[in-house]
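Here is the structure we will look at, set down as C-alpha cells.
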Amino acid sequence: MDRALSKRYDPQEVENEWYKVWEKNFSGVSEEINEKRRPYTIVMPPPNVTGRLHMGHALDETVQDVIIRFKRMRGFDVLWLPGTDHSAIATEAKIVAQMREEGISKAQLGREAFLKRAFEWKENYGGQIVSQIKRLGCSCDWSKERFTMDEGCSKAVIEVFVNLYGRGLIYKGERTVNWCPKCKTSISDAEVEYTERDGYLWHINYDVEGGGTLTIATTRPETMLGDTAVAVNGKDERFKNLVGKTAIVPLVNRRVPIIADDHVLMDFGTGVLKVTPAHDPNDFEIGLRHRLPSINVMTQDGKINENGDKYRGLGLMEAREAILKDLEAFGKLAGTKPLKHNVGLCYRCGETIEPMALVQWFVRMKELAKPAIDAVRKKEVEFVPERFEKIYFNWLENIKDWCISRQLWWGHRIPAYYCADCSHMMVAKEPMVSCQRCGSKKIKQDEDTLDTWFSSALWPFSTLGWPEKTKMLDKFFPTQTLVTAYDIIFFWVARMVFMSLDQMKVAPFKYVYIHGLVRDAQGRKMSKSLGNGVDPLSVIERDGADALRMALMIGVSPGSDVKFSDEKVLLARNFTNKIWNAARFILMNVPEELDGELRVNELEIADKWVIGKLNHLIDEVSANLDGFEFGIALQKIYDFTWDVFCDWYIEIAKVKIKTQEPNVRGVLVFVMRNILKLLHPFMPFVTEELWQAFQSDGESIMIQPWSESDRGAMFETEIAEFEKLVLVIRAIRSARAEGKVPQNKKVKVYILTEDEIIKNSGKLIMALGFAESVDFDVCGVKTDEMFATNTGAARIFVLVVDAVDKGKERARLVTMLEKYQKEHEVLEQRLAKKEIWEKAPNVAAKYKVEMEELTRCIANVEESLQQIAEGGGLGDGD
RNA sequence: GGACGAUUAGCUCAGUUGGUAGAGCAUUCGCUUGACGUGCGAAAGGUCAAAGGUUCAAGCCCUUUAUCGUCCACCA
C-alpha cells in the first residue's frame, strides 16, 4: 500500500477504489460445481427498479453482505444474486404522474407506446438504485443481475401461470375485490392496510311493503344505491314476521326482499343489515347464498355510475352528503351515532379502498397453502427468530384466494387470449393467432397484467434460469438464506415458499432471517410524509459506508426494529478511526518483519492473555454469525478491539517494545490480522485497506480463510491470572485519581498480596499504574500519606503513597470493610445450604475461594484501621 | 376479539442454554502520555414494570396484572 496512513481515516479515499476492484474480481461465479466448496446462495430481495436507496434497503443489504462475506471466507462457493423489481403499481403511478405533467394520459398514449416509455424510464432510472447499493459495499455478483420483467423471468411467469391454470389452481371469476380508485386497479387482500377512523353509524328507515319500517344501520350510506336485500337474523324475534316480505330502498325506490341470514348480528346497530353484494365482501357471500342480484354503483375512479340514478357522477363523499341530505328531507334518517371503525387503505397510495364485485383472476390458495404450512412445521424452512412462523401460519391458515390480476399496463400481461368471434378463452405459453374452437383469427389478449408479487414469488428460481434446466439452477438452488423485513412475510416470503414447493417440489430456502424496520431516533417509522427519513447516501458521504453498516448492525437483535441515530453513526465512525490508528501504531512501530511469526510457546502472560482472548472471540463470533446473531458478534469484536487490544495490549506492547521483547511484534500483527478478518464482513472497506498494509501478496481480504481458533492456545488460566493484574493496575489508577494525585506525578505503591503472578509483574504494574515502585508487603507507610483501595473481585489491597487528599482514608477503609463484610455474609449464607454443594459443587467451590479471599481482605483492612486508630504509621514508619 | 413484541443507568439499547447487571451517548473529575482528543484514565448512576410461583440460586423459566407498540381478524 503506497498510501501513507493519515491520522484520521478518510473513507471517501478508499471506498470507491476498492469497490471497483471487488466488482471486477468477484463477479462471475462459476456454474460448475466445486467439489471442495459447497455452494451458498442468497437471492437479493429485488428493490423497486426506479426507487431510491433508503435505510430499509441499507439494513437489508448489509445483513446479506455480512452473511455472504462471512460464508465466502468460510470457504463456501457463494452466490449473492442481485436484481430489481418492476414494482407494477408504484412504477406505473410514477410514470403516469410524469405524463400528467406533460398533459398526456395513458389512454391517449396507448398500451404499446406507454410500455415503450416505461422501459425507457426503467433504463434511465433503473441504474440508480444499483449504483447506490454498490456504494454500500455489497459483494454481490453483478454479472448475474436480474430484473423481474427480463426475458427469463417473464418466461418463468408465463410457465407458472399456464401450469397453474391447467391444474385449475388459477381461475377467472367474479368476486368482491379491493379496488383502489386512485391506482385504478384491484389489489390483493394483503395490499390493504386497515386504519381506525372516526365515522358514523347512520340509521335509515326502509319502508316495508304492506306497512311497517325497518331501520338499518350503515357506515357507508352511499352504497344503498346498490342494495338488493335487507337482512335480519332468523332468530331475531323482533323481525321474524317480516322475513319474506319486501322492503323499499329509499331514494331509488327499489323493491328488495327481506331475508334471514346468520351473518347478521342481533346486538349490533339495529339488528338490520342492508345487503349490497357488489360493494361488500360479506354481502357478496350473502348474495350468493340467497341468489341476490349484484348492482355495481361505482366507476373505476370512485364515482357513482349510471346505476346511481340522480347521484351519477358524484364522488363517493359527495354522494354520501347528498344522500344523507335527501334522506333527511324525506324523513328517512332515523339517527346518527359516532362510531370508530376500520377503513381499508391502499398500501401504495393510501387511498380508501372500495370493495367491488368484479371479474378478476385468482389463485386458488387452499391447496397451495397446505404444503407451505407443512414445510415450516417440519422445519424445512426455519424462521429466524422463530416467532415469526406464527404470523406466517396465521396468514396461510386463514388465507383466501389471491387476486392476481391488475388493471395496469406495466407488468406481465396475463397469457389468456379471447376469440372475438366466439368468445372462446385460451390460456397458452405462446401468443395465440387463431381460435382453437372456431378458427377465427380475431384474437385479443387479456388486458390485465399480473400482481408484481406473482413474479416476485418465483424470484429464487426464475433468476437462476428456470424453466430452463440450467447449471446455475442445479448448483445454487435451493438457496440457503433469505433476508427480509417482517412487513413482507405475507407479500413475499409465504408466496415464494408455496410457489417453490409447487413448482420445484422443494422449499426455496432453508432460513428466513427476519429483521425489523429502521426507525428514526424517536422510534417513528421513517416515511416520506413525515420527512424523517435519513438518506443512507448522505451518511456514506459524511462518515463512510463502513460507519453506516456498523451503525445499522451494532446492538440489533433479529426481528426487532432498528433505531437509527446519529449517536450510533458516531460510535461506528469513531470505531473505524480507532482501528485505523491501531493499525497505524503497529505499522509505525513494526516497520519490518510484518510476517512476525507467532511462537506460542515463547509467549509471556500478557501475550497469552490477548491471544487467548482472541481465540475465544473467534469461537464466539463464528458461532454468533452462524446463528444470525450479528449485533452480538459485532459488539464482541468492538469490545475486544477497543478494550482488550487497544486499551490494554497495545499499552503493554509499548512497554515491551521499549524493552525489546521478541514476541511483541508477532503478537500485534497476528491479533490485528485476525481482527481485520473478523470485522471484514461488517466493515469491508477499512478492513480491506488495512489488510493490504499487513501483507504483501496483494490478495483481497475477501477471500482470506476465516479465522480459526487455536485449541492449544485458549489460555484460560493465563487469562484469569492476567485479569488479576488488570484489576491491580485499575486499583492503583483509581486510588491515584481518588487521592487526587496529579497525573504527572509518580507514586509509591504497596500491594498486600500472596499472589505470585502479581508479585512477579512489578514492572508492568509500575508502567501501567504510573507507579515508581511496587512493593508487595506493607512497610514504611504513614497513614496520612497513603490512600487505599480495593481491587474489585480480586480483593487485593492496594496502598498508594503520596495521596493529597488526606482526610478520607479512614472513612474509605470503613466503607470498604462494610462492603467486604456484606459480601462475605451473602456468600456464607449461600454456602450454608447443603443443596448448593450437591447440585452445583463447582459454583460452591468458586464461592468458597472468594469467601476465603474476602476473609483475608477483611483482616487486612481491619489491621489498617487498627493502626490508624493507634495513631501510628503502618509498618516501621519513618 | 386473537396473536406477538417491548418494559434493564438520565437517553438509546445489549444481556444465547439460570450462577453476585453491561455498552454507547450524556454527566462529574483529571490528562496536549510519540497510534488515535473521532483520544486516554477515573468516577457517579439500576430493589432489571408490578405481584406471585419454581429453584440452593431468577433480568433470564412459569402464572397473573399494568403501560406502550405491532400484526391479524372484524359488527354493516
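Letters go in sequence order (proteins before strands), and every chain restarts at 1.
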Pair A:Asp561, A:Tyr486: side-chain N/O donor-acceptor within cut-off below 3.5 Å: yes
Short side-chain N/O contact from A:Thr219 to OP1 or OP2 of B:A76, under 4.0 Å: no
Nearest to side-chain heavy atoms of A:Lys839, which nucleotide of B:U55, B:A42, B:G19: B:U55
Non-hydrogen atoms of A:Ala633 and A:Val621 that approach each other most closely: O-CG2, 3.9 Å
side-chain N/O A:Trp202 vs B:A76 OP1/OP2, d < 4.0 Å: no
Whole-Å C1' distance, B:A6 and B:U65: 16 Å
C1'-based separation of B:A9 from B:U27 [nearest Å]: 12 Å
Residue A:Leu273, side-chain heavy atoms: nucleotide from B:A42, B:A76, B:C4 that is nearest: B:A76
N/O (side chain, A:Ser734) to phosphate O (OP1/OP2, B:A43) under 4.0 Å: yes
Closest non-hydrogen atom pair between A:Met224 and A:Val249, with its separation: O-CG1, 3.5 Å
4.5 Å side-chain heavy-atom contact, A:Arg519 and A:Phe564: no
B/S/- contact track for nucleotides 23-35 of chain B, protein heavy atom under 4.0 Å: SSS----BS---B
Pair A:Asn581, A:Lys7: side-chain N/O donor-acceptor within cut-off below 3.5 Å: no
Any A:Arg387 side-chain nitrogen or oxygen under 4.0 Å from OP1 or OP2 of B:C4: no
Within 45° cone of A:Phe585 ring axis and under 6.0 Å: A:Lys654 NZ or CZ: yes
Pair A:Arg830 + A:Glu825: basic N to acidic O under 4.0 Å: no
Nucleotide N/O to protein N/O under 3.5 Å, stretch nucleotides 57-61 of chain B:
none

Secondary-structure stems, RNA chain B, at least 3 Watson-Crick or G-U base pairs under 3.5 Å: B:1-7 with B:66-72, B:10-13 with B:22-25, B:27-31 with B:39-43, B:49-53 with B:61-65
